[in-house]
Amino acid sequence: MEIVVLPTADDIAKAAADRIEGLLGRRSDAVLGLATGSSPLPLYKELGRRHSEENLSFADAKAFLLDEYVGLDPDHPEAYRNVIRREFVSLVDINEDAVASPSGTADDIAAACKAYEEAIQAAGGVDLQILGIGTDGHIAFNEPASSLASRTRITTLTEQTREDNARFFDSVDDVPMHVVTQGLGTILEAREIILIATGENKAEAVAQLAEGPVSAFWPGTVLQNHQHITVFADEAAGSQLKLRDYYDHMYRNRPQQ
Ligand code: F6R
């Protein structure tokens, strides 16, 4: 696991965008895994800037979203499909039809989840997955007690996550109780993962993710089992890391090959 603490969210956005630009340079038809929430927004903005000012192209790329609220009107501005259209798709040249999201309105949600897993497989799997992390350690919407081998499914949000996400709605009562999410087992199959954490309220989750024992109690800890994961944290989110000096040393002296 590479843990990179950078001063600001903009520094993280640039470093993460470099990874995505590098990937698209090697494979213009890369498959991206997209997170919603606040954490990746500066990254999406930076990718949009590189598209308009530096011709970075997503024209051949595909993308899969991590999760979706269940029961939210498909036109609701906070439905994740609409969030990603607004915050990413509209800023770049990715084909809108090449961006898939789990269905939170299907009549048969279990069948839709299975089809979603199959669609990821049919696309060749995710090359680079972008993640955020919840204050309770969730990644995608795999809340504490999620099976570390879980697949795409419907699940129930913790009250803490509903309260955290109430800022996007009129009140906490409007935050759906249920979501469809890629599972931890699904996420682990991505070939590369970038996790972005900013703000003091993520500090405990980041410390657990990097330095805690692997446990369903802190679902993000399952990422310790991934071969190619980079955690980008700002100073506040990295403030509880015990081995911070070593991570900085490792980053300054990273091998050139
Ligand atoms: C959203 C997602 C969630 C968020 C997490 C952090 O697609 O997968 O795991 O990444 O809830 O949200 P923010 O970034 O808003 O703090």
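As the structure lists them, so they are numbered: ligands from 1, and atoms in each ligand from 1. Quick note: residue numbers are just sequence positions, from 1.
Linking ILVMFWY side-chain heavy atoms closer than 4.5 Å, directly or via other members, places Ile3 and Val222 in a single hydrophobic cluster.
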Quick one: do Val83 and Glu78 satisfy side-chain contact (heavy atoms from CB on, under 4.5 Å)? Show the steps, please.
CA-CA 6 Å; Val83 171; Glu78 291 308 320; 3.7 Å; yes

Begin with the C-alpha distance, continue with both residues' side-chain angles, and end with the deciding distance and a verdict on side-chain contact (heavy atoms from CB on, under 4.5 Å) for Val231 and Met1.
CA-CA 7 Å; Val231 176; Met1 184 177 278; 4.2 Å; yes

Using the rule given for side-chain contact (heavy atoms from CB on, under 4.5 Å), can you reason through Ile84 versus Ser101, listing the C-alpha separation, both sets of side-chain angles and the distance that settles it, and then say yes or no?
CA-CA 10 Å; Ile84 218 72; Ser101 57; over 6 Å; no

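For atom 11 (O) of ligand 1, the closest non-hydrogen atom on the protein side is His138 NE2, 2.7 Å. Distance from atom 8 (O) of ligand 1 to its nearest protein heavy atom, with residue and atom name: Asp67 OD2, 2.8 Å. For atom 16 (O) of ligand 1, the closest non-hydrogen atom of the protein is Lys202 NZ, 2.6 Å. Nearest protein neighbour of atom 6 (C) of ligand 1, counting heavy atoms only, is Ile133 O, 3.4 Å. Ranking the protein heavy atoms by distance from atom 10 (O) of ligand 1 puts Gly132 CA, 3.3 Å first.
When only interatomic distances are considered, the shortest N/O to N/O separation between Ser39 and ligand 1 falls below 3.5 Å. Polar contact with ligand 1: absent for Tyr80 (N/O pair, distance under 3.5 Å). Polar contact check, Ala140 against ligand 1: a nitrogen or oxygen pair lies under 3.5 Å apart.
For the pair Arg167 and ligand 1, a heavy-atom separation below 4.0 Å is found.
Residue Leu66 approaches ligand 1 through these ligand atoms, each under 4.0 Å from one of its heavy atoms: 8 (O). When each atom of ligand 1 is checked for a heavy atom of Ser38 under 4.0 Å away, the hits are 13 (P), 14 (O), 15 (O).
Between Tyr69 and Phe141, the angle of the ring planes lies from 30° to 60°, which puts this pair in the tilted group.
Nearest to atom 1 (C) of ligand 1 by heavy atom, out of Thr36, Leu41, Asp136, Val179, is Thr36.
Ring centroids of His76 and Phe169 are separated by less than 6.0 Å, placing the two rings close together.
Salt bridge status for Glu46 with Arg49: present, with a side-chain N to carboxylate O gap under 4.0 Å.
Side-chain contact between Tyr251 and Val5 is absent, with no heavy atoms from C-beta onward closer than 4.5 Å.
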